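To keep things clear, I will list the structure first and then write my remarks on it.
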Amino acid sequence: MRSSGILMHITSLPSPYGIGTFGAEAESFVDWLVAAGQKYWQILPLSPTGYGESPYQSFSTFAGNPLLIDLDDLVSGGLLTKAACEAADCGADPKFVDFEKVSRSKIKLLNQAFKSFSEDVGYLAFIQEEAEWLDDYALFMAIKEKNELRSWQTWEKDLRFRRAETMQKAREELSERIKFWKFIQYTFMRQWLKLKRYANKNGVKIIGDLPIYVALDSADVWSNTDLFQLDVDCVPTKVAGVPPDFFSNTGQLWGNPLYNWERMKKENYLWWIRRVKKCAELYDVVRIDHFRAFDTYYSIGYGEKTAVNGKWEKGPGMDVFNAIREEIGDVNIIAEDLGDITESVRELLRDSGFPGMKILQFGFNPDNTDNEHLPHNYPVNSVVYTGTHDNSTIVGWYKGEKPQTRKMAKKYLRPLIFEGINFAAFRALYQSRAALAVVPMQDVLGLSDDARMNIPSTLGGNWIWRMKKGKNSERLAERLNELARTYFRD
């Protein structure tokens with residue numbers, strides 16, 4: 001079935017509290033998607049943000065981001081007062097997230113809500129059902145708080161190595177903080193699933209994002225050190241990244257610890273099965289970031305300053321997906337197959353049956369040469385975008401490209417009179433054979449690169465864009481709906 005959707009993270013929604021949440025504005029956005037004829041809402045990872053506020057560097061791949069919790073829901077539940085929420089300093093600019101202010105104010109408010117909270121049946125059932133990851137995460141965060149949020153690799157030796165006696169002592173001493181972090185996750189999950197049910201009831205499916213790697217400073221690594229390429233002191237031996245590419249002449253040094261695939265295979269990829277199962281509960285469709293690493297992954301020596309000196313190593317291939325299917329059945333997965341793609345990666349994609357991705361911006365070039373990212377080449381089993389969170393907006397891209405590239409794009413897209421390059425691009429995607437076309441909300445609004453979500457290999461100024469209230473107008477919804485109906489994406 002031909003469909004279309006919008007890419008916009010929860011943090012980018014309007015909100016009186018400095019950051020988008022699971023509250024009323026999220027449900028209003030679902031209503032707007034319905035009016036716009038859109039069947040999918042794609043978001044970024046919902047996990048807690050870590051270094052640089054990146055959702056791809058999280059303290060846990062299983063946990064949810066406390067900053068996404070709707071405060072008005074807690075007011076309705078009697079856990080907070082409206083006055084306390086309105087008095088909090090969450091930043092004054094509605095166009096950007098001030099993560100420092102939002103985090104400081106919101107965690108303070110969530111602590112107040114926790115003091116008013118009484119354990120109920122839902123909470124007790126949740127902590128029992130999620131104990132497999134929640135116990136370690138809550139303990140990890142409680143210890144991290146006590147250590148002024150420093151990385152677990154700087155903790156005292158007995159905590160780093162999870163000595164039984166020291167761990168039990170920490171559980172006893174930090175029992176209230178452990179309960180707080182469990183309360184946060186219970187509240188997060190309750191609100192998120194309510195929003196997801198609202199979207200699904202209105203015919204909108206959620207596309208979630210599963211980062212290929214987890215952060216070194218995470219409960220995932222701390223509690224499963226044998227599943228990662230670490231030495232006897234729990235220091236990484238090799239880390240993740242990609243070689244020099246379109247985004248950087250020195251490559252991208254992500255720094256995430258690499259998986260010990262040999263060890264994972266001995267456990268029949270149980271950790272991955274649990275991870276994908278959790279994603280299947282949270283989302284209707286799961287986009288796996290950096291899919292190519294399951295075929296071959298780029299390995300960089302720990303301590304290297306750039307990604308130039310890495311090398312490709314063999315990944316698990318179909319083994320891991322066969323194990324997942326055998327255990328939990330088919331999961332709707334999108335494979336992010338961008339970057340340096342070899343024939344073996346293409347073969348893995350074919351064997352998996354997952355749709356790959358195509359990016360319209362990548363299709364245009366100063367040499368006017370044909371390539372797989374141009375709409376006439378899109379296969380049916382693909383998901384196509386004007387750009388992703390890592391790209392310029394389509395308007396920003398067009399402004400910054402070489403004249404020859406802009407000429408190719410204009411000739412190919414053929415904008416109508418008084419039509420922006422953004423809607424001409426949408427039409428090209430919608431006309432294509434691809435089963436699903438997704439466009440970032442910044443492109444729908446026709447914004448330039450000051451609204452870009454992320455610039456890979458950079459720190460600061462990323463992940464902060466927000467949509468101002470009312471910008472997703474009825475007129476925009478009507479224009480998208482007309483395109484969707486015209487090209488039978490309904």
Side-chain angles (χ1 to χ4, degrees), residues 2 4 7 242-252 287 289-293 295-296 298 307-308 312 334-350 354-416 419-440 442-443 446 448-449 452 454-457 483 487:
R2 292 166 60 79
S4 58
L7 166 60
V242 290
D245 61 7
F246 172 81
F247 293 110
S248 172
N249 292 331
T250 57
Q252 298 179 43
R287 189 198 85 123
D289 183 60
H290 199 56
F291 176 81
R292 68 141 303 129
D295 175 61
T296 51
Y298 198 61
V308 171
W312 292 103
I334 297 170
E336 189 267 286
D337 58 337
L338 306 174
D340 182 14
I341 304 303
T342 63
E343 184 52 38
S344 61
V345 178
R346 299 180 195 278
E347 182 179 352
L348 177 61
L349 184 65
R350 288 192 295 268
F354 304 146
M357 290 172 52
K358 298 290 181 285
I359 307 298
L360 181 64
Q361 291 181 27
F362 294 167
F364 302 113
N365 54 81
D367 301 320
N368 196 34
T369 53
D370 197 6
N371 63 85
E372 65 183 359
H373 290 283
L374 290 174
H376 64 272
N377 291 322
Y378 295 164
V380 173
N381 191 33
S382 63
V383 183
V384 297
Y385 301 77
T386 47
T388 72
H389 62 277
D390 282 335
N391 297 113
S392 294
T393 66
I394 195 70
V395 170
W397 165 83
Y398 188 74
K399 287 180 179 177
E401 276 297 334
K402 296 178 180 179
Q404 303 96 309
T405 303
R406 291 200 302 271
K407 182 178 179 181
M408 179 186 180
K410 190 171 183 179
K411 184 177 180 181
Y412 189 100
L413 298 175
R414 301 176 69 83
L416 303 176
E419 180 181 55
I421 196 71
N422 55 334
F423 267 83
F426 302 164
R427 189 184 320 102
L429 297 187
Y430 279 35
Q431 286 175 329
S432 75
R433 296 170 63 237
L436 176 58
V438 178
V439 297
Q442 294 96 316
D443 288 352
S448 196
D449 268 353
R452 181 171 178 168
N454 181 49
I455 302 176
S457 296
L483 273 182
Y487 299 110

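This structure is a prediction, so every number in the text was calculated from the model and none was measured.
V438 is not listed as a side-chain neighbour of V384, based on a closest heavy-atom distance of 4.5 Å or more. By the 4.5 Å heavy-atom criterion applied to side chains, L360 and P375 are counted as neighbours. Within the 4.5 Å cutoff, side-chain heavy atoms of Y487 are placed close to those of R2. The closest side-chain heavy-atom distance from K410 to P415 is below 4.5 Å. Using a 4.5 Å cut-off on side-chain heavy atoms (C-beta onward), H376 and S432 make no contact. Side-chain contact between T388 and M357 is present, with at least one heavy-atom pair separated by less than 4.5 Å. For the pair V439 and L7, the minimum side-chain heavy-atom distance is 4.5 Å or more. Between V383 and P355 the shortest side-chain heavy-atom distance falls below 4.5 Å.
Residues N365 and T405 bring no donor and acceptor atom of their side chains to less than 3.5 Å of each other. Side chains of D449 and S392: a donor-acceptor N/O pair is present below 3.5 angstrom, by distance only. Looking only at atom types and distance, the side chain of D370 has a donor-acceptor partner in the side chain of N377 under 3.5 Å away. If you check the side chains of Y385 and H373, you find no donor sitting under 3.5 Å from an acceptor. Using modelled atom types and a 3.5 Å distance limit, the side chains of T296 and R292 yield a donor-acceptor pair.
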Full working for side-chain contact (heavy atoms from CB on, under 4.5 Å) between Y378 and L429: CA-CA 9 Å; Y378 295 164; L429 297 187; 3.8 Å; yes
side-chain contact (heavy atoms from CB on, under 4.5 Å) between S448 and K399, worked out: CA-CA 8 Å; S448 196; K399 287 180 179 177; 3.6 Å; yes
Verdict with supporting geometry, N422 and Y398, side-chain contact (heavy atoms from CB on, under 4.5 Å): CA-CA 9 Å; N422 55 334; Y398 188 74; over 6 Å; no
Working for side-chain contact (heavy atoms from CB on, under 4.5 Å), residues K358 and D337: CA-CA 8 Å; K358 298 290 181 285; D337 58 337; 4.3 Å; yes
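With hydrogens and angles ignored, the 3.5 Å screen pairs a side-chain donor or acceptor of E336 with a backbone N or O of H290. N391 places no side-chain N or O within donor-acceptor distance of the main-chain N or O of H389, the cut-off being under 3.5 Å. The backbone N or O of P456 sits nowhere less than 3.5 Å from a side-chain atom of D390 that would complete a donor-acceptor pair.
Of all heavy-atom pairs spanning T386 and A425, the tightest one is CG2-CB, 3.9 Å. Closest of all the heavy-atom pairs between F426 and L483 is CB-CD1, 3.8 Å. Contact detail for L349 and G356: the closest heavy-atom pair is CD2-CA, 4.1 Å.
The pair E419-R414 fails the salt-bridge criterion, with no side-chain N (NZ, NE, NH1 or NH2) lying under 4.0 Å from an Asp/Glu carboxylate O.
None of D367, L413, N368 except one satisfies the side-chain contact (heavy atoms from CB on, under 4.5 Å) rule with M408; the exception is N368.
The distance from atom OG of S382 to atom CZ of F354, rounded to the nearest 0.5 Å, is 15.5 Å. Between E401 atom CD and F364 atom CZ the span is 10.5 Å, to the nearest 0.5 Å.
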